[in-house]
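Chain naming here is simple, since letters A, B, ... match the order of the sequence lines and numbering starts at 1 in each. Just so you know, these numbers use all the heavy atoms, side chains as well, and skip hydrogens, waters and symmetry mates.
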Number of protein chains: 2
Amino acid sequence: MTTLSDVAKKASVSKMTVSRVINHPQQVTPELRKIVEKAMEQLNYHPNSIASALAHNRTNVVKLVILEDIDTTEPYYMNLLFGIAKGLSKKHYAIQLATDRDVGGGDGYIITGGRATDAEWLDQLDKPFVLFGENRYGYDFIDTDNKLGEQLATQYALNKNYQSIVFIGIDEKEPFEYSREAGYINTLQKHNMIPKIFRIQNHSSLAEKLIISNWRKFAPNTCFICASDRIAVGVVRAIQRKNGNIPRDFGVIGFDGVLLDQVSNPKLTTVKQNLFKLGELLAGMILQKIKQDGAQQGEVLIEPELIQSESTRN
Amino acid sequence: MTTLSDVAKKASVSKMTVSRVINHPQQVTPELRKIVEKAMEQLNYHPNSIASALAHNRTNVVKLVILEDIDTTEPYYMNLLFGIAKGLSKKHYAIQLATDRDVGGGDGYIITGGRATDAEWLDQLDKPFVLFGENRYGYDFIDTDNKLGEQLATQYALNKNYQSIVFIGIDEKEPFEYSREAGYINTLQKHNMIPKIFRIQNHSSLAEKLIISNWRKFAPNTCFICASDRIAVGVVRAIQRKNGNIPRDFGVIGFDGVLLDQVSNPKLTTVKQNLFKLGELLAGMILQKIKQDGAQQGEVLIEPELIQSESTRN
DNA sequence: TTGTAAGCGTTATCAG
DNA sequence: CTGATAACGCTTACAA
């Protein structure tokens, strides 16, 4: 393994000059810099991030804290995780997972599944953190643009000439859900239509029951805007059990676009979150926040994409 | 942050004694050990794994290398990952993900999705590694007991008095598939029945097509043993499209037991892999192998569990 | 059994 | 702008 000293020797400079070329290039004269860079290349030098971490009193580890129950974990976490891991690897950071609030050890946290009730806990954390998922307490976060997503979905349903547009939401008093509903409501109001919202927990079987027990309220030519693919899957099943025709008489649009939309039959038209990118951005944000000693990073919303498939008219 | 020196001072011993209490307790007299342990507790001392890593020329990072395409990644990876992460965290190890063969930086590798063609690449790795998934080249691995799993499934189908038992396998020439088929074949032969095996790629839509295009071959009273839940989902759909009655006339048994079995309608009877435990064991194995400087670890098979649900008679 | 000294590879600090 | 030195927290090797 070649070290800073090796490079220094080869370039006939001190270790510090080499270190500076790596971390503060502008503090070194261009000529010296060139020489050092050549030496690094010839020796195929790669900085030892562990040594650097020690000198900085860092761990080079970011903790991913998942506050939701792991059993109900959506498959989309996998994509998120890959994005995060990718983003961290670039900077020689590694990931540790925590599934409870018992954190510690790590330079910062990426926290997902946080609910309003977690605010108190968040406030007493002593390391920088960023959230995956909207919040309205001023914590730094990244999320899909939930509102835009349902705007796209609702507008799409209108374009396909469904007369009645119903929203099946997730029964949680959380910003992501409010945003999704807002996107739906906004778009309907723009067309002078009155919103109809039902809410249930995020399970396909509950969605199925809901639709069946309210079936007479849904005339043909209705499109269901669902706050998740899970719900959409249940809605599809209910319509099929009632012998409704998808997509001719009934449209269904999901949200997430990870696996379930593909497994469903018919495949779901859905609002697809770009979770990989989201993960990468989360990684970038927490690393920057660590580097900047906890400075505020603000909020970032990622545009989702409407994937057109078999559960709506084309 | 309290360090080794702090503890040493408090206990009036040298740093080395403290270090020994942590790493080689038997080299320290019980009395001293007690004193040191008390000091550690009082000061709430936690070893700095980065410093230790530096002294050992280690990174305290294990790479998880996923050789399968991420898009087709089964949701079960999430569970595996959690198990791994949990196992690693206990020993203050962190995870880095790699989705290609471009590894390096890390004390060892956990490799999943490896195929026979990867042998050459594996042989030239210079760090210890263990595989998730059976192989017959002598590489250390951990996997579900695939053979046992399909034995359980097949025997279960027989117990439920399905007359004809058909296997729908994954069309890959890999040990995990051979083992699953062997479990099915074994069990049938024990009852003097002749195996009927179909093979397709692991997609629900292909399974659906397969069953439909061979429909006349499947008399009522048939149970399908499927090599994955994905396939099982497709089989269920095909049977439903042909108006077959599940579970009375047709049984379906899946394999994996992660998400898809629950989302399916009817819910699937399936062979459930304990992926969390598998992940933990993988972590334990690679850590031990690292500690033992690459010593052979052998192979471990984890017992799966047959989950009885709605896609078979009860 | 216990302690001393040196070193792991990097960076901050201060002097030149 | 560049270099010498000490320090980060721990462990190995050797000495007592």
Notebook entry, point to check: Can you tell me how far P of dG9(C) sits from NE2 of His46(A), to the nearest Å?
Noted result: 15 Å
Next item on the list: Let me see the working for Phe132(B) and Thr144(B) under side chain to side chain contact (heavy atoms under 4.5 Å, CB included), right down to the final yes or no.
Entry: CA-CA 9 Å; Phe132(B) 164 52; Thr144(B) 294; 5.6 Å; no
Notebook entry, point to check: For the pair made of CG in Leu54(A) and C1' in dA7(D), what is the distance, rounded to whole Å?
Noted result: 9 Å
Notebook entry, point to check: Would you find a donor on one side and an acceptor on the other, under 3.5 Å apart, between the side chain of Lys86(A) and the backbone of Glu280(A)?
Noted result: no
Notebook entry, point to check: Given atom CG of Asn48(A) and atom C1' of dG9(C), what is their separation to the nearest angstrom?
Noted result: 6 Å
Notebook entry, point to check: Taking only side-chain nitrogens and oxygens of Thr29(A), does any of them come within less than 4.0 Å of OP1 or OP2 of dT2(D)?
Noted result: yes
Notebook entry, point to check: Among the nucleotides dT10(C), dC8(C), dC8(D), which one has an atom lying closest to any side-chain atom of Asn57(B)?
Noted result: dC8(C)
Note to self: Classify Gln26(A) by what it touches in the nucleic acid, base, sugar-phosphate, or nothing, heavy-atom distance under 4.0 Å.
What the structure shows: sugar-phosphate
Next item on the list: Scan Ile50(A) against the nucleic acid and name what it touches under 4.0 Å (heavy atoms): base, sugar-phosphate only, or nothing.
Entry: nothing
Notebook entry, point to check: dG9(C) phosphate, OP1 or OP2: any side-chain N/O from Thr3(A) under 4.0 angstrom?
Noted result: no
Check: dG3(D) phosphate, OP1 or OP2: any side-chain N/O from Thr17(A) under 4.0 angstrom?
Finding: yes
Item checked: Between C1' of dG9(D) and CE of Met1(B), the distance in whole Å -> 9 Å
Next item on the list: Starting from the C-alpha separation in whole Å, work towards a yes-or-no answer on side chain to side chain contact (heavy atoms under 4.5 Å, CB included) for Arg33(A) and Val36(A).
Entry: CA-CA 5 Å; Arg33(A) 204 189 304 165; Val36(A) 171; 5.9 Å; no
Notebook entry, point to check: Given atom CG of Asn60(B) and atom C1' of dC8(C), what is their separation to the nearest angstrom?
Noted result: 14 Å
Next item on the list: Let me know the distance between CD of Glu31(A) and P of dC1(D), rounded to the nearest Å.
Entry: 11 Å
Notebook entry, point to check: Does Tyr178(A) have any ring-ring contact (aromatic ring centres under 6.0 Å, His included) partners at least two apart in sequence or in another chain, and if so, which?
Noted result: none
Notebook entry, point to check: Donor-acceptor pair, Asp107(B) side chain versus Arg58(B) backbone, under 3.5 Å?
Noted result: no
Checklist line | Between P of dG3(D) and NZ of Lys9(A), the distance in whole Å | finding: 15 Å
Check: In this structure, which one of Asp145(B), Asn146(B), Leu301(B) forms a side-chain contact (heavy atoms from CB on, under 4.5 Å) with Ser179(B)?
Finding: Asn146(B)
Check: the helix from dT1(C)-dA16(D) to dG16(C)-dC1(D): angle between its terminal axes, five pairs each, to 10°?
Finding: 40°
Next item on the list: Report the distance from atom CD1 of Ile35(B) to atom C1' of dT2(C), rounded to the nearest whole Å.
Entry: 13 Å
Checklist line | Result of checking Tyr109(A), Tyr139(A), Trp121(A) against Phe129(A) for ring-ring contact (aromatic ring centres under 6.0 Å, His included) | finding: Tyr139(A)
Notebook entry, point to check: Looking only at atom types and distance, does a side-chain atom of Gln273(A) sit under 3.5 Å from a main-chain N or O of Gly257(A), one as donor and one as acceptor?
Noted result: no
Next item on the list: Would you give a per-nucleotide map of nucleotides 11-16 of chain D, 5' to 3', where B means the base has a protein non-hydrogen atom under 4.0 Å away, S means only the sugar-phosphate does, and - means neither?
Entry: BBB---
Note to self: For Ala295(B), is there any backbone N or O sitting under 3.5 Å from a side-chain donor or acceptor partner on Gln297(B)?
What the structure shows: yes
